[in-house]
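A short worksheet on the structure shown next.
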Amino acid sequence: MNSVFSGSATTVFETMSRLAKANDAVNLGQGFPDDPGPEEVRRAAAESVLSGWNQYPPMLGLPELRRAIAAHYGRMQGLELDWEKEVLVTSGATEALAGALLALLEPGDEVVLFQPMYDAYLPLVLRAGGVPRFVNLRQPGWRMNEEDLKRAFGPKTKAVLFNDPLNPAGSAFPREDLELLGRYILKYKAVAICDEVWEHSVFEGPAHVPLMALPGLRDRCVKIGSAGKIFSLTGWKVGLVCAAPELMKALSKAHQYLTFSTPPNLQAAVACGLALGDGYYRGLKDSLRASHDRLAKGLEGLGYKVLPSQATYFLSVDLGPGADDAAFCERLVREARVAAIPVSAFYAVDHQRSIVRFCFAKKEATLAEALRRLAAWK
Ligand code: PMP
Ligand code: GLN
């Protein structure tokens with residue numbers, strides 16, 4: 001068996017969701033909303049299953065969806081994309097990440113990774129033959145530091161895997177950090193694999209700016225989005241990939257042998273969703289902000305130190321020096337019957353062990369019940 005996967009544990013998301021079920025816990029661990037998602041988008045999928053095309057769609061994605069992706073990012077983020085040469089649909093952002101690493105890396109190429117990092121990154125980098133170079137984001141605010149970038153980048157750097165907004169922190173990088181990273185990408189002629197699945201979830205502060213929009217970076221970025229996140233339908237694995245034609249040629253070769261295509265019905269529905277008016281996107285942010293504030297206030301009331309969060313479905317609490325986040329989450333799910341995620345699972349080295357992530361993208365009643373259980377446990 002290949003040692004990368006045989007040496008990996010089951011992901012923390014699956015583990016915590018299983019524990020949540022076994023303990024009849026309120027699941028604020030794995031990130032999924034309990035909002036059912038926009039009805040018109042779900043209806044479009046149902047109609048497409050019943051009366052649409054159920055055979056293989058074109059390998060790059062349905063033309064109507066690829067056009068809709070280009071138009072959407074033009075409208076929302078000011079990007080000019082050629083839908084025929086610069087847009088690809090994958091089976092989730094996860095396939096896009098794996099495909100980009102497989103398409104770009106030669107064995108021994110170095111990849112800069114920022115900790116905390118989404119748990120799929122490291123195994124995918126290693127399996128693609130990459131050599132990780134870690135950069136730890138710093139508090140306050142999970143920021144980049146130039147000295148750290150100086151140490152991580154070098155002549156062997158092929159790519160940087162960059163998640164903005166950042167899961168698990170719920171933070172978004174300020175423009176200053178994007179510019180700093182951009183300078184290193186240009187200096188070392190690297191490619192940025194930009195995991196922007198949380199782009200529409202920024203509920204506080206400036207709107208999301210894709211790294212690709214910065215001067216000089218247009219042709220050095222693979223921008224990855226996820227319809228599952230945009231429409232609160234996380235089980236829908238539809239990834240939205242944008243990159244300059246030269247990069248896209250390589251990405252599409254990896255995609256054609258990984259999955260070849262993505263269910264056409266979901267693609268048709270996502271095309272319909274991306275065309276929803278600005279009101280939908282405002283509503284999403286407003287509802288995330290309200291849920292964030294509800295949980296943050298409740299946790300603060302119980303004495304937890306809540307770290308600032310401005311995007312994603314997540315907020316985190318700092319348990320303080322000497323804490324053991326994994327042990328805390330074990331006890332929380334079994335004793336308080338509330339599931340959360342230990343942030344140490346997002347580190348491969350220099351583990352940060354005092355921070356616990358909670359998913360706030362839940363109905364008021366779900367959050368109230370979680371807070372009631374936490375109060376009783378305290
Ligand atoms: N990247 C990050 C940072 C994520 O949080 C997630 C899922 N929550 C993904 C990638 C995977 O997205 P998808 O479900 O579209 O594969
Ligand atoms: N991205 C989700 C989270 O951070 C989980 C995705 C998964 O379960 N693989 O909670």
Side-chain angles (χ1 to χ4, degrees), residues 1-16 30-31 88 90-137 142 144 148-164 166-169 181 184-185 188-197 211 220-224 226 237 239 241 243 247 250-259 326 341-353 357:
M1 277 179 284
N2 179 268
S3 57
V4 172
F5 294 126
S6 63
S8 294
T10 299
T11 86
V12 69
F13 308 116
E14 176 72 17
T15 304
M16 288 312 301
Q30 191 178 33
L88 166 72
T90 56
S91 294
T94 307
E95 188 218 309
L97 288 162
L101 291 164
L102 291 171
L104 294 170
L105 299 187
E106 292 285 2
D109 282 343
E110 292 184 357
V111 181
V112 175
L113 293 167
F114 293 92
Q115 296 195 116
M117 65 185 164
Y118 185 58
D119 73 337
Y121 292 177
L122 183 58
L124 292 177
V125 166
L126 293 173
R127 193 64 187 95
V131 177
R133 299 298 306 266
F134 297 107
V135 170
N136 294 332
L137 296 169
W142 306 98
M144 276 177 212
D148 297 339
L149 295 191
K150 225 179 249 170
R151 267 195 298 276
F153 277 79
K156 289 190 181 162
T157 306
K158 172 67 73 70
V160 40
L161 218 172
F162 179 54
N163 179 210
D164 180 33
L166 180 68
N167 179 8
L181 178 62
Y184 279 80
I185 290 167
Y188 290 98
K189 298 188 168 46
V191 173
I193 301 171
C194 303
D195 180 342
E196 300 182 6
V197 303
L211 193 66
R220 297 211 157 268
C221 290
V222 176
K223 172 177 166 56
I224 300 175
S226 169
K237 287 283 189 165
V241 185
L247 283 172
L251 299 174
S252 60
K253 300 289 166 50
H255 166 70
Q256 72 181 350
Y257 296 132
L258 276 172
T259 58
I341 299 284
V343 165
S344 57
F346 292 73
Y347 284 77
V349 295
D350 310 326
H351 292 74
Q352 159 61 259
R353 295 196 191 276
R357 189 194 83 173

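Worth knowing before you read on, the calculation uses all heavy atoms, side chains too, and leaves out hydrogens, waters and symmetry mates.
Side-chain contact between H255 and L258 is absent, with no heavy-atom pair separated by less than 4.5 Å. A heavy-atom distance below 4.5 Å is not found between the side chains of V191 and C221. Side-chain atoms of L137 and P116, non-hydrogen and from C-beta on, do get closer than 4.5 Å to each other. Taking 4.5 Å as the limit, every side-chain heavy atom of I193 sits out of range of all side-chain heavy atoms of V160. Contact annotation: the side chain of L122 approaches that of M117 to within less than 4.5 Å [non-hydrogen atoms, C-beta and beyond].
Atoms CD1 and CG, from I185 and L181 in turn, are 3.5 Å apart once rounded to the nearest 0.5 Å. Note that CD of E95 is 12.0 Å distant from OG of S226, once rounded to the nearest 0.5 Å. Taken to the nearest 0.5 Å, the CD1 atom of I341 stands 7.5 Å off from the CD atom of Q30. Taken to the nearest 0.5 Å, the NZ atom of K237 stands 12.0 Å off from the OG1 atom of T259. Between the NZ atom of K150 and the OH atom of Y184 there is a distance of 5.0 Å, given to the nearest 0.5 Å. Note: F162 CZ to D164 CG = 4.5 Å, rounded to the nearest 0.5 Å.
In this structure a side-chain-to-backbone donor-acceptor pair under 3.5 Å is missing from D148 to A152. Under a 3.5 Å cut-off, the side chain of Q115 and the backbone N or O of A348 do form a donor-acceptor pair.
Across all non-hydrogen atoms, the minimal contact from A190 to T157 is CB-CG2, 4.1 Å. The shortest heavy-atom contact between R357 and F346 is NH1-CZ, 3.8 Å. The two residues V4 and N2 have their closest heavy-atom pair at N-OD1, 2.9 Å. In terms of heavy atoms, Y188 sits closest to G154 at CD2-O, 3.3 Å. Taking all atoms of both residues into account, the shortest heavy-atom contact from H351 to S344 is CD2-O, 3.3 Å. Taking all atoms of both residues into account, the shortest heavy-atom contact from P123 to D119 is CD-O, 3.4 Å.
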Using distance only, find each side-chain donor-acceptor pair of residues 98-113 under 3.5 Å and give its atom names and separation, not counting sequence neighbours.
from	atom 1	to	atom 2	distance (Å)
D109	OD2	E106	N	2.7
D109	OD2	K158	NZ	2.7
E110	OE1	R133	NH1	3.3

> Going through the checks in order, is the side chain to side chain contact (heavy atoms under 4.5 Å, CB included) test met by L149 and M144?
Replying inline: CA-CA 8 Å; L149 295 191; M144 276 177 212; 4.3 Å; yes
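At a cut-off of 3.5 Å, with distance as the only test, a side-chain donor of D195 or Y121 sits close to an acceptor on the other residue.
For F5, the CZ atom sits in a packed shell: over 12 heavy atoms of surrounding residues, nucleotides or ligands are nearer than 6.0 Å.
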